[in-house]
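Per chain, numbering begins at 1; letters A, B, ... match sequence-line order.
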Amino acid sequence: MNPLLATVRRDVLLALRRKSEVLTAVFFFVIVTSLFPLGIGPEPVLLKKIAPGILWVAALLATLLGLPRLFAADHLDGTLEQMALSPSPLGLLVAGKILAHWLLCGLPLVLLAPVLGLQFDLDASALGILTLALLLGTPLLSLIGAIGAALTLGVRGGGVLLALLVLPLYIPALIFGAGAVEAHIAGLDVGGHLSLLAAMLVLAAFFAPWATTAALRVALE
Amino acid sequence: MHWNSVGDFFAMGGYALYVWGSFGACLVLMVVEPLLARKRLTEVRDTLARERLADELDHQSGTS
Amino acid sequence: MLKVSGLACSRGERRLFSDVDFSLGTGEWLHVQGANGAGKTSLMRLLVGLSPADAGEIRWRGETAPSTEFRRDLIYLGHHAAVKEDLTPLENLRLATALDGVTLNERSALAALMRLGLRGRENLPVRVLSAGQKRRVLLARLLTRPAVLWVLDEAFNALDVGAVKLLGELIAEHLGNGGMAVLTSHQPLPVPGGKALVL
Amino acid sequence: MGNHGGLEGGIGVKQSIIHWFKYASPQSFYPLAGRMIPWFWAAAAVFGIAGLWISFFVAPTDAQQGEGYRIIFVHVPASWMSMFIYLVMAFWAGLGLALNTRVSGMMAQALAPTGALMAALSLWTGAFWGKPMWGTWWVWDARLTSELILFFLYLGFMALQAAIDDPRRADKAGAILALVGVVNIPIIYFSVKWWNTLHQGSTINLNKAPSMAQTMLWGMLLMALGFWMYSIAVALTRVRAIILERERHTEWVKHALE
């Protein structure tokens, strides 16, 4: 079997055996987005205006929540060492782990977003753009986040440090992702936003596994 | 030279707070930072000197 | 085939060892000895390429290690269990080999687990196994892939008497088939012959 | 024959450069830095005084912004330095990663606080400029926003290095982060710029900077040179401290301090 797919299968299987870890991030996403209307007030015009930003920031934080565990368990029980010494290229295994992280953490957010968008009075076409933007953006969040997770592996205060390292790098994804939905609501063309998100995704898909691999080798030394 | 008096200079045409607030902050931080760097250097040197002194004392009393 | 020359390693400011030289040919094994903290584990990690050496060179089949070929020929088992508690021994074994790019059919996996005395426990979650049994799940990996060089760090620890004897037999068999092994241990090992390296 | 010799000469030079980097040891760098520091301080003082003279006594009052525009003479150099230092830091970090030289990582570590200071000064002076000009301390202008993000990148780099005890590991992890940051800085800058133009209606256009007179440009350049020399001097002082901290148990440190 292809080592990349084998890694994905392994991580998904592990997550299914321990469902709570996956569900935590999803619940977090649902609760945080639902808190905003309670804090701001139920006025539909205002909610509609801030919806893209809120859903995106919540997706960003929910992704961040799962990141410290991306490599930690494999690091603790020695599986990461075995991966580094495997005849398969470590970059491929790392790419598999990132893909699994997206399937378990990013994809549920993408699927839930249209439902949560209803709370903010978004119409069907805006919900469609939101889902599409998240579909392009959440893999980007997983890819960039993996670099941070690898850099902070086994480091004091890793979780907070991870947020400090990763959040500034998430800003372009946030701007174009939320911007696409805002532009659509304002009646503007969203092609530019989405193609820039796609371009960043391609760039990150090339570089992030490589940088993550380098960081993991440093962490294992 | 377009300042008529010292007071005129410090008033900065009504922008005193902003101009001196900016230049002052730069001055303060750019004095403090080198002092901190300097302090770090002298502290390492002091520690190393004390360590060496302790080694020498050990040597003299023959406990090393 | 394995040639190590002038290897040196320091941890922080402390020099652990320097000028370590040895070579291994087919059917030979090396016993790395030394007190706690002498750098046995560091040497093993250096040897397999997990951490960089301060100086020295490791050559495998004449080429500088670590290379992909070296990794294909290598199995390294360290202190860690490297076993997932939520999976069964069978799943653990098959997924671990799949990561190495090797497909292990169920029958060979079951055979390997049986050889290590885990018969009947193949489909229990590893969580409910004893420490010794977990260790056996890890050791089953030795039988899943035709690797020439086994690097085993403290592999005989946490094993009961039966397992120690079994591992000794496995290593002897491996050497008999032209394999090589590098082992660390405090205790005398139940494997005949072997070179010794004292750190 | 001549061609052949030329090729060999080229390789020889290249090798000697790599050789020089590889063995640019802390041991030889420590006294060298010590000798250079006073010169950089002197240069910083000369450029700084000249720059300040132009800033306050030569540059004319601006037609639109009155005397308030004079903040430009510290704001722009601080912004330039904050960006430039990040590039230099990433360069040293990358060099350390590629050639495994010890001094490179120490240089990157020594530069980070100064870069963060420059970013902080740029934000501070930007706010003090914004208040009288647009009536608010902070606007989500593209330049201010990307400066803020740059400041966060510095903080992340410093926090990561501080959290890892083993200096060799800290250097490598920091280097990877710095390189990732360098790739991201243009992306962040253009995304923020685009975001800003999209929302132009709600913000103030910052591009109404005073038309640049020749003397103003000179003032800014001199101040920037002064900031540059200052940064080098402080970074060298800090790198000396870092060298001693890391090499405290080597023989040469014991001799160097006698």
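- Between the CZ atom of B:R52 and the CZ atom of D:R248 there is a distance of 13.0 Å, given to the nearest 0.5 Å.
- Ring planes of D:W137 and B:Y18: tilted class, angle from 30 to 60°.
- Using a 4.5 Å cut-off between heavy atoms, D:A59 contacts chain B through its backbone alone, with no side-chain atom that close.
- Listed here is the closest heavy atom pair of B:S22 and D:V74: CB-CG2, 4.3 Å.
- Side-chain atoms of D:W124 never come within 3.5 Å of backbone atoms of B:C26 as a donor-acceptor pair (strictly under, hydrogens ignored).
- Put simply, the side chain of D:Y230 reaches to within 4.5 Å of the side chain of B:E33, judged on heavy atoms.
- When ring centroids are compared, B:Y15 and D:Y69 stay outside the 6.0 Å threshold.
- Using a 4.5 Å heavy-atom cutoff, the side chains of D:T237 and B:R40 are not in contact.
- Nearest approach of D:A241 to B:V44, heavy atoms of both residues: O-CG2, 4.0 Å.
- With a 6.0 Å radius and a threshold of 12 heavy atoms from other residues, nucleotides or ligands, D:W80 has its CH2 atom above the threshold.
- Residues D:W41 and B:P34 approach most closely at CH2-CG, 3.6 Å, considering heavy atoms.
- Chain D forms the most heavy-atom pairs under 4.5 Å with one residue out of B:R45, B:E51, B:E43, B:M30, and that residue is B:M30.
- For chain B, the nearby part of D:L52 is the side chain; its heavy atoms alone come within less than 4.5 Å.
- When all heavy atoms are compared, the tightest approach of D:G68 to B:V19 is CA-CG2, 4.1 Å.
- With a threshold of 4.5 angstrom between heavy atoms, D:L244 approaches chain B through its backbone and through its side chain.
- Atom CD in D:E245 sits 8.5 Å away from atom OG1 in B:T47 (nearest 0.5 Å).
- With a threshold of 4.5 angstrom between heavy atoms, D:L117 approaches chain B through side-chain atoms but not through N, CA, C or O.
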For this session: Applying side chain to side chain contact (heavy atoms under 4.5 Å, CB included), run through B:L17 and D:K131 and close with a yes or a no.
Result: CA-CA 10 Å; B:L17 170 65; D:K131 182 68 182 165; over 6 Å; no
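- Using cut-offs of 30° and 60° for the angle between ring planes, the D:F56 and B:F9 rings count as perpendicular.
- More than 12 non-hydrogen atoms from other residues, nucleotides or ligands lie less than 6.0 angstrom from CH2 of D:W138.
- Both the backbone and the side chain of B:L29 come within less than 4.5 Å of a heavy atom in chain D.
- Side-chain contact check for D:R240 versus B:R38: every heavy-atom pair is 4.5 Å or farther apart.
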